[in-house]
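All ligand and atom numbering here is 1-based and tracks the order in the structure.
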Amino acid sequence: MLRKIALLLAVTAIASGNPAAGQEWHWKSPMPKVEAKRPTPDSRIIGGVESVPHAWPHQAALFIDGVSICGGTLISTEWILTAAHCMDQAVTVDVVLGAHNINEAEPDQVVITSTQFVVHGNWDYNNLANDVALLKLSTPAELNENIVVAPLPPATYVVAEGTNVTAIGWGRTSDSTGGISYVLREVVVPVTSTETCNDAFSIVNDNQICTDGTGGKGTCFGDAGSPLNYDGYIIGVTSFNAAPECEAGYPDVFAKASKEAAGKPKSWKSLRPLIEPKGLRMPTSLAAAPGCNEAVPHSFPHQVALFIDDLYFCTGALISTESVLAPAHCIDGASYINVIMGAHNLAQAEPDQVVMTSINFFVHEEWSSFTLSNDIGLIRLPAPVAVNANIAPAQLPTTDPPVGTIVIGTMWGGSGTNGALHQANVSTISQADCNAIFGIVTDNQMCTESPACCGNSPGLANFNGELLGLGSFASSAGCEDGYPEGYTKITSYLDWIEANTPITP
Ligand SMILES: *[C@@H]1O[C@H](CO)[C@@H](O)[C@H](O)[C@H]1NC(C)=O
Ligand SMILES: *[C@@H]1O[C@H](CO)[C@@H](O)[C@H](O)[C@H]1NC(C)=O
């Protein structure tokens, strides 16, 4: 009993403000280290000074799952730019804005939680390419003189070699310091060439910027995700430096930041809610899960791809010539949606593809982003689409098959699938078994066993020529762990669909 109370208090403390305020430093600071090829240069001072408080009002501190710290940049009232390696495996991030000393609960600090992230679709942990991610704040930040949105430069913006730029962060101030810095610090460093940088690392390309670490000046643990600043712009995101030391004088590497890099369609992973499983695991393990195979092109002609605000990818289903069913979590709050119909391979401009942009869509009146209940919405196409062999409305079901039925999950986006639609046979599991894992599952949802990482979001569940389920959620533990996936059950919404669809499906 005592332990339970202690735990609750700890959780309450975290939920009520800056999770770092007043705490003994215990945050891990993820920052990948790359073995440098050349010998250590002769230098040993980490440069930099404490920043004037609030001189960098776009800087955010990210406390990840109560364990790790990274930096980030406020790039709009709702979005934080950070490093992908900070977000790998993350579930909940407390974003502290307006801070100078993160060990204090300063009155200017605002803490906003985020559980929605997009990691760059080409983020590669092996060579640390495209180390950028975006976090969506659960409520928009209120701007003031200490909380300011930073502009990103256009992709064509070039910062010449030798230019002095400013790295900032709460990272360690020396290799011998145990913890990171409580106060925000900054260091001015010159940009160095990709070639010079590759003398040390070999993996750097034109999507990255390097700074000269001579004199031991640069970034260290805890700085990851923080911005590289120049001329009022955010030009980079702190990514990695040399193993094992920060002070050794090797260059530091930043992912290049630009407007385009933060909003390119198709290169972003899908938006999908992730739920922390309660630790129970399905008896069906990954090894037993059936294979993931490329679908016969156009064998699911109702399946459509949705690119939302040129930022997210989701899957929807055509249900009439003018209406597309889409998960509410995908379209809630969106500005515009590009609907791609008749596609097999999304990485190609196939002649069969028909693209329409819709600004007319809505979500179920009782959609809850908390419980993910009623995760359904409708998109109206700007004009009826011509039905052909590759584009056809889905057959809607009248009943659900029994638990244990093998259904076909169809999805885009799994690693190694190269943009082609894939399918996997998966067994449906009971609502009770699924709820034992996720704790939010109701009769209006259906679950299947894990489709073995076949796609990066649950797509559609099909059975006997009918559309049974619209992909809703998956486990935050990742697809490798073999947890089931959740779908919005179509039979629960037949009346809603009929009432809201201009032409009866
Ligand atoms: C960069 O800053 C250093 C140190 O203050 C200075 O010596 C150097 O001239 C500056 N370089 C440029 C291009 O301004
Ligand atoms: C998937 O299930 C269908 C129908 O039950 C079956 O015909 C097909 O062979 C299965 N495919 C795989 C790859 O197991």
*Could any protein non-hydrogen atom be found less than 4.0 Å from atom 14 (O) of ligand 1?*
yes
*Heavy-atom distance from atom 3 (C) of ligand 1 to the protein below 4.0 Å?*
yes
*What about N164: any of its N or O atoms under 3.5 Å from an N or O on ligand 1?*
yes
_Residue pair E350 / N345: nearest heavy atoms and the distance that separates them_ = OE2-N, 2.7 Å
*May I ask you to decide if the ring planes of Y233 and Y157 are parallel, tilted or perpendicular, using 30° and 60° as cut-offs?*
perpendicular
*Which class fits the ring pair F473 and F438: parallel under 30°, tilted 30 to 60°, perpendicular over 60°?*
perpendicular
_Need the ligand 1 atom indices (1-based, order shown) with element for anything under 4.0 Å from a heavy-atom of G162._
13 (C)
*Between Q353 and H344, does any side-chain donor sit less than 3.5 Å from a side-chain acceptor?*
no
